[in-house]
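Values below: every heavy atom of this structure, side chains too, minus hydrogens, waters and symmetry copies. Chain letters run A, B, ... following the sequence lines, proteins first, then strands; residues in each count from 1. Quick caveat: nothing in here was measured; it's all calculated off a predicted structure.
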Number of protein chains: 2
Amino acid sequence: MARTSHRTAARAVEAQRRIREAGERVTTPRSAVLAALLAADHALTHHEVEEALAPVTPVDRVTVYRVLDRLVATGLAHRIPGEDRTWRFGANRRGPGGAHAHFTCSGCGRTVCLEETEVPAAVKVPRGFVPQRIELTVQGLCAACR
Amino acid sequence: MARTSHRTAARAVEAQRRIREAGERVTTPRSAVLAALLAADHALTHHEVEEALAPVTPVDRVTVYRVLDRLVATGLAHRIPGEDRTWRFGANRRGPGGAHAHFTCSGCGRTVCLEETEVPAAVKVPRGFVPQRIELTVQGLCAACR
DNA sequence: GGCGCGGATGCAACTCGGTTGCGTCTGCCT
DNA sequence: AGGCAGACGCAACCGAGTTGCATCCGCGCC
Ligand SMILES: [Mn+2]
Ligand SMILES: [Mn+2]
Ligand SMILES: [Zn+2]
Ligand SMILES: [Zn+2]
C-alpha cells in the first residue's frame, strides 16, 4: 500500500510535468485526469475516468469532457472512436504523432493501444482522394476473455 | 427521367430478390431501405436513409433502425462506426465477408467503401489475444472537398 | 506575499443518435 | 381464404456529449 500510493504520487507529478511542458495551466482536474490515463492499462471512457477520480478527487462530468478534449488538442492524449458509440482516451506516452493500432475485445469491451503494431504507411485510395491519417482497429478476444 | 425511374424500379426488384434469397420476409420498408443503400454512392446514416425514403415511401424512424440492424445481421449490409459517433451503412454488394477499408472525408463527412483497398490479413497482437476482424479506416479529403 | 485577470470549473438545461414497450398490422405458409 | 409469428408505428425513454452562464482559481506581475 505504501508502494502503491508512492507510485500514485509519482504519476501525479509526472502528469503535472507533462501538462506544464505543453504550456497548459496546471489544475487539479487536469492532473487527475491525465494521471488516471497514465495509470490505466487500457483506454478509458469518460465515465471510467469520472469513476476513477471520484473517490479522491471528484470532478464534474462536464469538466471531464472538457479536460479530455483539451488533452487531445494539446497532444497529451488521443481519442479512439469505438464500436459502441463512445470514445475512449489513452495517454500519449511517447509524445504526439505516434500512429499505432488498437485492439478492442468483444468480450469485456476494453480497448488497448497496440504500441508495437505497425499501421500501414500508405494505402490505395480512389483518384483525387487525399489520405491524411490511417486508423487500424483489431476486434477479437483479449487474453482474459478468451 | 424515364431512364432514372427505370433504374429505380430495377433496384427495388434487386433489393427484394436479395432479401428473399437471404430467407427474410420481404416488406416495404426492407426493400426500400436496401434499395436506398444499393443506390447510394457512399455509406448512409440512419437519418440519410430516412430522408431518402421520405418522399416516396415514408418509414418510421424506429423501423429504419430495426431494418438496418437486421440487414446487418443477415449479411446484406455492413455497419461502419464513425468518428462522429454515428453509424453508417453500406450494402454488401459482393456478398458478406468481403473485408474492405473505408475512407472518411473530414470535409463533407462522407464515408465511402474502398472495395479495392486491401486490409492486412493479420497483425501482431499481444500474447494470448485472439484477433477476429481487422478494420482499416482512412481519414482525409475526398476528390470533391480537396 | 498579495492583486488582478483570463481562462477553467461546476451546475443545469439541452441535443440527438439509438432503444424499448406495446398495440396493431401483414407477409407468408397451409 | 385463414391464422399466426413476426414486422411496423408510435410514444416514451436512455445515455453520451454539448452549451450557457455564474463563480472560482492558476499564474504572471508587482
Ligand atoms: Mn492508442
Ligand atoms: Mn464498406
Ligand atoms: Zn476482454
Ligand atoms: Zn468530402
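- The distance between atom CZ of A:Arg61 and atom C1' of D:dG15, rounded to the nearest whole Å, is 8 Å.
- Taking atom CZ of B:Arg85 as the reference point, atom P of D:dG17 lies 5 Å away to the nearest angstrom.
- For DNA chain C, the contact window with chain B, defined by any atom under 4.0 Å from a protein heavy atom, covers C:dG17 to C:dC28 in 5' to 3' order.
- One interatomic measurement links the two molecules: CH2 of A:Trp87 to P of D:dG15, which rounds to 18 Å at whole-angstrom precision.
- End-to-end axis angle of the helix from C:dG1-D:dC30 to C:dT30-D:dA1, from C1' rotation axes over five pairs per end: 40° (rounded to 10 degrees).
- Panel note: side chain A:Arg30, backbone A:Arg25; a donor-acceptor pair is recorded below 3.5 Å.
- The CZ atom of A:Arg88 sits 15 Å away from the C1' atom of D:dG17 (whole-angstrom rounding).
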Donor-acceptor pairs under 3.5 Å, side chain of residues 101-108 of chain B to any protein atom, not counting sequence neighbours: which ones?
residue  : atom : partner  : partner atom : Å
B:His102 : NE2  : B:His78  : NE2          : 3.3
B:His102 : NE2  : B:His100 : NE2          : 3.1
B:Thr104 : OG1  : B:Thr111 : OG1          : 3.2
B:Ser106 : OG   : B:Gly140 : O            : 3.2

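- A:His46 is linked by a ring pair (Phe, Tyr, Trp, His ring centres under 6.0 Å) to A:Tyr65, A:Phe89, counting only residues two or more places apart in sequence or in another chain.
- Note that OG1 of A:Thr27 is 6.5 Å distant from CD1 of A:Ile19, once rounded to the nearest 0.5 Å.
- Within the 4.5 Å cutoff, side-chain heavy atoms of A:Leu44 are placed close to those of A:Leu37.
- Within residues 13-45 of chain B, the residues that have a heavy atom under 4.0 Å from DNA chain C are, in order of number, B:Arg25, B:Val26.
- Rounded to an integer number of Å, the gap from NE2 of A:His47 to P of D:dG15 is 10 Å.
- Distance, A:Glu50 CD to D:dG17 P: 11 Å, rounded to whole Å.
- A heavy-atom distance below 4.0 Å to DNA chain C is reached by these residues of residues 66-74 of chain A, ordered by number: A:Arg66, A:Val67, A:Arg70.
- Inter-residue side-chain proximity for B:Pro81 and A:Thr137 is flagged as unmet; no heavy-atom pair is nearer than 4.5 Å.
- Between B:Thr57 and B:Ser31 the shortest side-chain heavy-atom distance does not fall below 4.5 Å.
- A:Arg93 places a side-chain N or O within 3.5 Å of a backbone atom of A:Leu38 that can act as its donor or acceptor partner.
- Remark: side-chain polar atoms of A:Thr74 are paired, donor with acceptor, to backbone N or O of A:Arg70 under 3.5 angstrom.
- Here the side chains of A:Leu71 and A:Glu24 are not in contact, with every heavy-atom distance at 4.5 Å or above.
- For the pair A:Val125 and B:Thr117, the minimum side-chain heavy-atom distance is 4.5 Å or more.
- Counting any heavy atom pair closer than 4.0 Å across all strands shown, A:His46 reaches sugar-phosphate atoms only and no base atom.
- In this structure, B:Arg11 contributes its side chain and B:Ala36 its backbone to no donor-acceptor pair below 3.5 Å.
- Nucleotide D:dA16 holds its C1' atom 10 Å from the CG atom of A:Asp84, rounded to whole Å.
- At a threshold of 4.5 Å between non-hydrogen side-chain atoms, the residues A:Val112 and B:Phe129 count as touching.
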